[in-house]
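Remember, it's a predicted structure, so these values are computed and weren't measured experimentally. Note that ligands are numbered from 1 as they come in the structure, with each ligand's atoms numbered from 1 the same way.
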Amino acid sequence: MLSRAGISENALKVLYRLKDAGYEAYLVGGGVRDLLLGREPKDFDVATDAHPEQIKEVFRNCRLIGRRFRLAHVHFGREIIEVATFRAQHTEAEDGEMTEEGRIIRDNVYGTVEDDAVRRDFTVNALYYNIKDFSVVDYAGGVEDLEAGMLRLIGDPDVRYREDAVRMLRAVRFAAKLGFRIHPDAEAPIFELGHLLEDIAAARLFEEVLKLFMGGSAVQTYELLCHYDLLQYLFPQTAEALDNDQNGFFHALILRAMENTDIRIAAGKPVTPAFLYAVLMWMPMQRRAKELRREGMTEVQSICEAGGEVLVEQSRHVVFPKRFSLQTREIWQLQPRLKRTTGKGPLRLLEHPRFRASYDFLLLRAEAGEPHQELCDWWTEFQVENPDVIAQAASRAMPPKRARRRPRKKPPAGGPGESA
Ligand code: ATP
Ligand code: MG
């Protein structure tokens with residue numbers, strides 16, 4: 001039995017509204033899975049027999065999105081409830097499209113809830129909570145697998161991975177996050193089919209990378225990605241550097257960074273992909289910078305140039321938006337400046353918007369075995385001695401306050417917060 005207490009109010013609202021409009025409405029996917037496991041769901045997905053246009057008629061604050069996958073997003077302030085129409089598995093039906101290799105490129109053939117269940121990825125992700133009678137409907141054996149801690153793909157794993165190679169990354173992600181085992185049948189093909197990730201859009205892979213490393217289980221995720229030889233398809237230069245990592249420094253650096261990321265997320269602190277990339281691309285960047293120095297560049301020039309080069313190359317595989325890559329390069333470029341502890345430089349560095357991240361990065365390098373402990377201690381002490389400089393820099397970094405509207409005395413029924 002699943003308690004409604006764990007379901008967000010807005011998700012319940014969507015479910016009831018659809019039901020009252022005469023449609024079937026289920027909570028599905030990670031929401032049901034996580035509630036049954038006693039975990040807090042990240043988001044709530046709704047499945048219904050209403051078509052996108054019909055969903056739009058039921059909700060005012062609803063946007064239809066997606067091409068490969070037409071979905072309705074119902075907005076409640078910051079929370080978005082994703083509402084999808086039941087889909088059917090298809091081969092060459094009217095609105096579904098596949099490439100010759102069997103990859104799905106359009107997926108808009110509607111079907112029944114049973115159809116919808118079998119085209120989902122894992123059995124534990126195909127559990128449906130019916131708002132009509134509060135029952136959990138299990139068409140694929142998901143409850144049993146949930147109890148056994150087993151990730152089992154629905155259908156033939158080989159076919160399902162060829163349809164969508166991202167399912168391999170999802171297997172790793174859920175295994176790491178839930179502490180589940182990947183069923184042997186779903187595990188074996190990963191070693192052979194990993195290369196299919198090369199055909200996945202680089203922008204979609206960035207979304208997946210964020211979920212992989214910023215979901216709170218980065219350490220296990222990283223270890224599993226290495227174990228299944230998948231890292232090379234996401235971060236080829238990183239994987240190559242790891243192969244040539246004789247003293248184990250780079251591996252240690254990545255592991256420490258992943259540990260820190262998990263700790264920060266558990267504590268509710270922010271994490272940025274810029275830092276993660278600074279770590280993952282550190283060794284490839286260093287190697288290229290060394291070459292450039294041999295050709296006559298200064299240290300600062302070489303880091304600037306090499307940083308640009310390795311990130312451009314990386315972006316061919318996994319898109320890395322500029323707003324992050326600029327920060328990653330700053331973190332790197334500040335590393336040589338951190339070596340100078342005399343003159344006016346250090347005080348000015350404290351005011352740099354990327355000082356803190358660069359200092360954290362230096363600490364990591366020391367923890368991973370680079371001989372910088374004394375330098376780290378110096379900077380730690382220097383910050384303690386200059387709290388006012390840091391406070392000033394922090395206040396400058398804050399976005400300007402926006403004028404707040406005075407709250408209305410009595411919000412009208414169905415007013416703000418109840419926008420759908
Ligand atoms: P979480 O939100 O906790 O990361 P989730 O299982 O909810 O996990 P979502 O990406 O939110 O994952 O997807 C919701 C549901 O949609 C999944 O549970 C699964 O049933 C289905 N799904 C998502 N991606 C795929 C895919 N690539 N192939 C098949 N089904 C998928
Ligand atoms: Mg989800």
Give the residue and atom name of whichever protein heavy atom lies nearest to [atom], and the separation in Å to one decimal.
atom	value
atom 30 (N) of ligand 1	Asp121 N, 3.2 Å
atom 11 (O) of ligand 1	Asp45 OD2, 3.4 Å
atom 3 (O) of ligand 1	Lys177 NZ, 2.8 Å
atom 28 (N) of ligand 1	Arg167 NE, 2.8 Å
atom 6 (O) of ligand 1	Arg33 NH1, 2.9 Å
atom 16 (O) of ligand 1	Arg120 NH1, 3.2 Å
atom 17 (C) of ligand 1	Arg170 NH2, 3.4 Å
atom 7 (O) of ligand 1	Gly30 N, 2.9 Å

Find the distance between CZ (Arg356) and CG (Leu334) and round it off to the nearest 0.5 Å.
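Here the rounded value is 14.0 Å.
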Out of curiosity, Glu24 CD to Lys132 NZ, how far, rounded to the nearest 0.5 Å?
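The distance works out to 6.5 Å.
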Looking at Glu313 and Arg288, is there a salt bridge between them, counting it only when a charged N and a carboxylate O are closer than 4.0 Å?
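No, no charged N to carboxylate O under 4.0 Å.
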Quick test of your reading of the model: are Asp360 and Arg354 salt-bridged, counting only N-O distances below 4.0 Å?
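Not counted as a salt bridge, because no side-chain N and carboxylate O are separated by less than 4.0 Å.
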At under 4.0 Å between heavy atoms, which part of [X] makes contact with ligand 1: side chain, backbone, both or neither?
X	result
Val166	neither
Asn125	both
Glu82	neither
Phe122	neither

Do the non-hydrogen side-chain atoms of Phe174 and Val124 ever get within less than 4.5 Å of each other?
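Side-chain contact under 4.5 Å: no.
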Arg4 to Phe134, cation-pi by 6.0 Å centre distance and 45° axis angle
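Satisfied, under 6.0 Å and within 45°.
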So, for His251 and Tyr222, is the gap between ring centers shorter than 6.0 Å?
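Ring centroids of His251 and Tyr222 are less than 6.0 Å from each other.
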Measuring centre to centre across the rings, with the benzene-like ring taken for any Trp, is Tyr233 within less than 6.0 Å of His317?
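No.
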In Asp43, the N, O or S atom nearest to the Mg ion (ligand 2) is which?
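Sorting the N, O and S atoms of Asp43 by distance to the Mg ion (ligand 2) puts OD1 first.
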